[in-house]
Amino acid sequence: MEPVPYLTQRLQGFGTTIFTAMSALAVETESVNLGQGFPDSDGPVAVSQAAIDAIKAGHNQYPPLPGIEPLRIAVAEHRLRFRGQRFDPAGEVLITTGATEALAAAMLSLTGPGDEVVTFEPYYDSYAAGIAMSGAQRRVVTLRGREFAFDPNELEAAFTPNTKLMLLNSPHNPTGKVFSRAELEIIARLCIENDVIAVTDEVYEHLVFDDAEHIPLATLPQMAERTITISSAGKIFSFTGWKIGWACGPAELVNAVRTAKQFLTFVSGAPLQPAVAVGLRLGDDFFGCYTAEMQSKRDRLVDGLDAAGFDVIVPQGTYFVTADIGPLDERDGIDFCMSLPKRCGVVAVPTQVFYDDAEAGRQLVRFAFCKRDEILDEASRRLARLRDRTNGAS
């Protein structure tokens with residue numbers, strides 16, 4: 001990649017995100033966009049109407065830096081209701097401009113030059129950028145095999161005297177893995193033994209399928225006092241453009257994150273904050289139906305990808321399905337995804353861009369299933385052309 005003029009060295013190599021590039025390609029080629037993870041239909045009417053009402057009621061100026069009190073209370077209630085975690089909304093809950101800002105503020109406030117951050121790969125692309133902006137160094141541990149498992153010895157070796165923070169994403173983007181209790185116990189032990197802070201990205205907490213269980217790392221013994229837990233209304237309510245997220249944890253850690261956050265966006269989403277508070281108090285029927293609907297969409301796309309000839313790895317959670325392109329006689333995910341729109345009118349994302357070790361993910365691609373059923377069916381019909389061409393060539 002050519003150096004970007006004037007860009008600081010620590011951000012060289014990041015360039016335009018893969019999501020921006022692939023979505024632009026989808027528009028250019030009029031393709032079905034299964035690349036970027038956003039739903040193509042709105043969330044609950046009660047939530048959007050609450051935002052409209054807030055605008056009309058004049059909630060259009062700066063909200064308080066930590067977020068409006070009703071939303072902080074609603075976040076605390078939500079964590080207690082679904083995760084059994086207790087947070088004081090007065091000092092242990094911070095409202096942010098989406099989870100991305102919460103993650104960036106955590107990296108900027110809790111790490112710096114000379115520090116190291118341990119995380120797993122493949123990783124969501126903002127992790128590497130946030131770590132780079134803080135001046136810290138990332139140490140990645142690769143998730144391998146169809147289970148996307150990690151080697152405990154490899155993880156232990158990643159921790160050094162310079163390790164300041166462990167960054168964990170579960171349910172995991174892009175793989176759809178949900179970390180088990182046994183895996184989390186290993187992570188927790190290493191954080192405690194090395195006196196390391198944990199930051200957990202749990203934005204897909206309500207998208208967990210089959211018999212998988214989402215267990216917040218902070219609920220394990222001795223982890224509450226060293227963990228910042230991050231989540232987002234965008235993924236819970238299908239309003240990804242609203243960019244309302246939150247960070248919860250001990251007051252001392254939240255205060256540190258707030259110090260950085262105030263110089264990023266300061267505040268945002270004034271009329272959206274009371275609407276998200278309404279959403280977090282919706283009944284169990286909403287959350288149950290939402291999970292069931294997304295699991296149905298997952299199954300729909302998995303069936304389509306399987307029929308098209310991919311080797312599909314069924315996800316335990318999130319919006320995404322990972323598939324191996326090897327059975328289609330393809331070997332490079334970037335080349336495959338760049339050619340896919342012209343070949344059959346579908347956009348996907350090459351998973352290898354989320355790895356430091358690109359070889360580990362070279363044949364993997366990611367498809368988003370958070371789309372209307374008719375869109376998923378159309379994508380499956382188009383992808384079937386790949387199978388037909390492969391069979392015709394054999």
_Stepwise side chain to side chain contact (heavy atoms under 4.5 Å, CB included) test for Phe209 and Arg298_ = CA-CA 9 Å; Phe209 310 132; Arg298 177 204 65 175; 3.6 Å; yes
Over all atoms of both residues, closest heavy-atom pair of [X] and [Y]:
X      : Y      : value
Ala102 : Val257 : O-CG1, 4.3 Å
Leu11  : Ala132 : CD2-CB, 4.3 Å
Val349 : Phe19  : CG2-CD2, 4.4 Å
Ala277 : Leu71  : N-CD1, 3.7 Å

_Audit row: Phe87, Val254, side chain to side chain contact (heavy atoms under 4.5 Å, CB included) steps and yes/no_ = CA-CA 11 Å; Phe87 294 105; Val254 169; over 6 Å; no
State plainly whether the residues [X] and [Y] are in salt-bridge range, i.e. N to O under 4.0 Å.
X      : Y      : answer
Arg83  : Glu205 : yes
Arg81  : Asp284 : yes
Arg181 : Glu185 : no
Arg79  : Glu92  : no
Arg72  : Glu69  : no

Name the orientation class of the two ring planes belonging to [X] and [Y] (parallel below 30°, tilted from 30 to 60°, perpendicular beyond 60°).
X      : Y      : answer
Phe287 : His78  : tilted
Phe179 : Phe120 : tilted
Phe82  : His206 : perpendicular

Side chain proximity check, [X] to [Y], heavy atoms < 4.5 angstrom:
X      : Y      : result
Asp115 : Leu165 : no
Tyr319 : Lys297 : no
Leu65  : Lys261 : yes
Ile95  : Ile68  : no
Gln137 : Asn162 : no
His172 : Thr318 : no
Glu330 : Asp335 : no
Leu34  : Phe369 : no

*Run through Leu94, Leu103, Thr200 and flag the one making a side chain to side chain contact (heavy atoms under 4.5 Å, CB included) with Ile230.*
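By the side chain to side chain contact (heavy atoms under 4.5 Å, CB included) criterion, Ile230 pairs with just one of Leu94, Leu103, Thr200: Leu103.
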*When you measure from the centre of the six-membered ring of Phe38, is the NZ or CZ of Lys235 under 6.0 Å away and within 45° of the axis?*
no
_Val346 reachable from Phe320 in the ILVMFWY side-chain graph, under 4.5 Å edges_ = yes
*Does a donor on one side chain and an acceptor on the other come within less than 3.5 Å for Thr111 and Ser134?*
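Indeed, the side chains of Thr111 and Ser134 share at least one donor-acceptor pair under 3.5 Å.
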*Would Asp210 and Gln295 count as having a side-chain donor-acceptor pair, cut-off 3.5 Å?*
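Yes, side-chain donor-acceptor contact under 3.5 Å.
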*Starting at CG of Leu383, measure out to CZ of Arg343 and round the result to the nearest 0.5 Å.*
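Spacing of CG (Leu383) from CZ (Arg343) equals 10.0 Å.
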Evaluate whether atom [atom1] of [X] has more than 12 neighbouring non-hydrogen atoms of other residues, nucleotides or ligands under 6.0 angstrom away.
X      : atom1 : value
Glu154 : CD    : yes
Gln61  : CD    : no
Glu30  : CD    : no
Arg331 : CZ    : yes

*Before giving the answer on side chain to side chain contact (heavy atoms under 4.5 Å, CB included), spell out for Met133 and Met107 the whole-Å C-alpha distance, their side-chain angles and the decisive distance to 0.1 Å.*
CA-CA 8 Å; Met133 285 190 287; Met107 295 304 108; over 6 Å; no
*asked:* Please identify which of these residues, Asp356, Asp201, Asn173, Asn169, meets the side-chain hydrogen bond (donor to acceptor under 3.5 Å, both in side chains) condition with Tyr123.
replied: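 Answer after filtering Asp356, Asp201, Asn173, Asn169: Asp356.
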*Passes side chain to side chain contact (heavy atoms under 4.5 Å, CB included), Gln352 versus Asp332? Steps please.*
CA-CA 9 Å; Gln352 71 191 88; Asp332 188 277; 3.9 Å; yes
